[in-house]
2 protein chains.
Amino acid sequence: MIIDRNSPIPKYFQLQTWLIEQIEMGVFKANDKIPTEQEFKNLTGLARATIRQAVQNLVSMGYLLRKRRLGTFVIDQRREKLQTNIGLMIPDIRMGNAPELARGVEDEAARTQHSLILCSTDDLYVKADFHANRLINSSISGVIFVPTAASDDKNYQIIEKFMRHNILVVLADRSLPQIDIDYVTTDNFEGAYRQTEYLIKKGHTRIGIVISTSFNTERLRLEGYKKALADYNISVNGSIIITDSVPYNEERYMHYVTDLLKQRDKMTAIFAGHDRIALLFYSAAKKMGISIPDDISIVGYDDLPLMTIKLTTTHQPFYEMGQESMRLMLRRIRGESGNPQQIVLKSYFVERSSVLPYRNNSY
Amino acid sequence: MIIDRNSPIPKYFQLQTWLIEQIEMGVFKANDKIPTEQEFKNLTGLARATIRQAVQNLVSMGYLLRKRRLGTFVIDQRREKLQTNIGLMIPDIRMGNAPELARGVEDEAARTQHSLILCSTDDLYVKADFHANRLINSSISGVIFVPTAASDDKNYQIIEKFMRHNILVVLADRSLPQIDIDYVTTDNFEGAYRQTEYLIKKGHTRIGIVISTSFNTERLRLEGYKKALADYNISVNGSIIITDSVPYNEERYMHYVTDLLKQRDKMTAIFAGHDRIALLFYSAAKKMGISIPDDISIVGYDDLPLMTIKLTTTHQPFYEMGQESMRLMLRRIRGESGNPQQIVLKSYFVERSSVLPYRNNSY
DNA sequence: TTCTTACAATTGTCTGTACAATTAAACCCT
DNA sequence: AGGGTTTAATTGTACAGACAATTGTAAGAA
């Protein structure tokens, strides 16, 4: 029976809850006619006014539509209730390829009449949490989230908070271990491997690296670099592998860059963790009177639009990453279920002129 | 009397309408207690259920709040109804200083729990109109709008569309003639004047320029450049003043840049309309074997973060422009009236090393 | 066939009554 | 004063019944 007459819960509320359940479970589908007030009266034994009260509430909540003479009908939630806002939580819109990513998301969102709410986290948990709370209060249907530099646990907390509020989450660029969730990233391992192999084939065997290990994207690049060296039976002096678990910042990494350049007799090429680190090398090299690529070769990663520097690097398709994240989000919004998807986009190598072939002149 | 018993209009509806009128006319003010159901019964002669129906509707419409035992109260529309979304319509988040601007708006918005909806117009009227329609349908309280490259009329149309829907508009960066509206921009005329004067004081008299005239920001820079030359009684060969009413695009302006460099014996310094044009000069100069600043001096405008090029330029405070636009918006949201404000932010000159003093060696 | 009319199903409006639940404020007791 | 208890005002829930308005459909008329 629908109504428990002994329950302290108001009867109109019981009926109302039951109706919502039926609708959400799909027993009453979109555009279905629900029982008439008279039928409900027979079904439940309640007075018509009580039934009306329950139905009226669902009408103002947007679940039902009354049509005189015809009856009361279920409104197509997807079409009518549309929340058309999507959150995008990224470290900083001013940083690196963030604008590309944002634009990819925006263009794909606009095609389906969705709007993009921009939130910069500065890679901090507190800011991410602040924005998460705000986004939850405004009505959004999903969030595309680039995990912050905080611990994995903190990032899980953010994600779970969204999920508790029925907000869809898609991770972009950086993924997190031990959580099964939709994400879109690029093939950092393969990209780094390809790039290192390129250096090796150009005759370089002593290849330094400066890279952060705070994100799994970077850790994968480091792995790719190491794997390529191992596959070619090249062992590397540990002193020219500089890693730091602290995320990139100009000042700190400038020290590493300078340190590495001071040891330049130990190597002929350098793998910079990303293009901004590569730029630090250009800057430091200039000061130290070292010429790139004549004295030392360098590769970056990201393919930032640098205009004047011809840096050999790997292009990451950030615009496409934004698009794919949004497409994945849209599929979930449309109700597509199924296992979490991991989309790994292909990066491609961009050969410019920051690498020269190495010929050992000592013979 | 409140209720007309002969009217065909439902009595609950009459009461409901009367109540809304009283609230909107300020007879019942925010947090005022309205009559109890019993009082309404005496006042109108209606049954309590009918009165309840009217009141209930206003509750779900957000006008009233019922408190058991205390009565029913008017909700403060301004505080409760707050729309916390703001639109930001810019040409392209990937372009130039757009990320700075966006971040400035975002940070200022976040302080007051407002969210930023990002819309890229690509400087096209159709896209701006498309986004405008979307923004109007979602519920936003205002738009920060960077006018598109379309005609002034088209831009007015967009602005008026927003205004018809009671959406506040603040223009950023580019202003429009003959429309009295809040806007925030920078002192393009003064900045260009200052920069040209700098070149003159360094001994340059033959100063070329490549600049678009599609936006008033750029037209003002051109005026500043001309005024400085006039003030120092320098007349310039028209062939080294290259202007185009078509907005910047790389290919088209590369032609102008190359053309100007071909006439380089006619000048000793160049004013690039903005930093991206300056970069074209670096690129073209390299191909043509011309050295900057040894063979020719150059100044830009914008202070893009270029890292490796030491371009003398003028810094435009885009982050602050975003902040100020949002602050102005917030004042309007809070109901501050008064004449439209024009905020002109100060840019500052950044001396780097793309300019050398000119000494005439022919004596 | 096409137009008009009548019918009936359903929601819409309205009245009247009764008791329950909540809770600020008054009251009372230490 | 302070803390607990009662009271009463008000909204909340629920019932029963009546007639109005709307409108798709069917029956009837042209």
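Quick note: numbers below take in every heavy atom, side chains included, and nothing from hydrogens, waters or symmetry partners. By convention in this document, chain letters (A, B, ...) are assigned in the order of the sequence lines, proteins followed by strands, and residues within each chain are numbered from 1.
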Taking OP1 and OP2 of [N], is either one under 4.0 Å from a side-chain nitrogen or oxygen of [X]?
| X | N | value |
| --- | --- | --- |
| B:K11 | C:dT13 | no |
| A:T72 | C:dT11 | yes |
| A:R52 | C:dT11 | no |

[X] side-chain N/O to [Y] backbone N/O, donor-acceptor pair under 3.5 Å:
| X | Y | answer |
| --- | --- | --- |
| A:H114 | A:T112 | yes |
| A:E21 | A:V27 | no |
| B:T50 | B:L46 | no |
| B:E39 | B:T36 | yes |

Which nucleotide in the set [options] lies at the smallest distance from any side-chain heavy atom of [X]?
| X | options | value |
| --- | --- | --- |
| A:R66 | C:dT11, C:dC14, D:dT13 | C:dT11 |
| B:K33 | D:dT10, C:dT11, D:dA16 | D:dT10 |
| A:T36 | C:dT13, D:dT13, C:dT10 | C:dT10 |
| A:P10 | C:dG16, D:dA14, C:dT11 | D:dA14 |
| B:E37 | D:dT11, C:dG12, C:dT13 | D:dT11 |
| B:A49 | C:dG16, D:dC15, D:dT11 | C:dG16 |

Salt-bridge criterion met for [X] and [Y] (N-O under 4.0 Å):
| X | Y | value |
| --- | --- | --- |
| A:R134 | A:D129 | no |
| A:D107 | A:R111 | no |
| A:R174 | A:D152 | no |

Separation of atom [atom1] in [X] from atom [atom2] in [N], rounded to whole Å:
| X | N | atom1 | atom2 | result |
| --- | --- | --- | --- | --- |
| B:R48 | C:dA18 | CZ | P | 13 Å |
| B:Q38 | D:dT11 | CD | P | 10 Å |
| B:L65 | C:dT23 | CG | P | 12 Å |
| B:I34 | D:dT10 | CD1 | P | 12 Å |

Can you check nucleotides 24-26 of chain D for protein contacts, nitrogen or oxygen pairs under 3.5 Å, and list what you find?
residue: D:dG24; atom: N2; partner: A:R69; partner atom: NH1; Å: 3.3
residue: D:dG24; atom: N3; partner: A:R69; partner atom: NH1; Å: 3.1

Original post:
With sugar-phosphate meaning primed atoms plus P, OP1 and OP2, does B:T50 contact a base, only sugar-phosphate, or nothing at under 4.0 Å between heavy atoms?
Top reply: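 Base, at least one base heavy atom under 4.0 Å.
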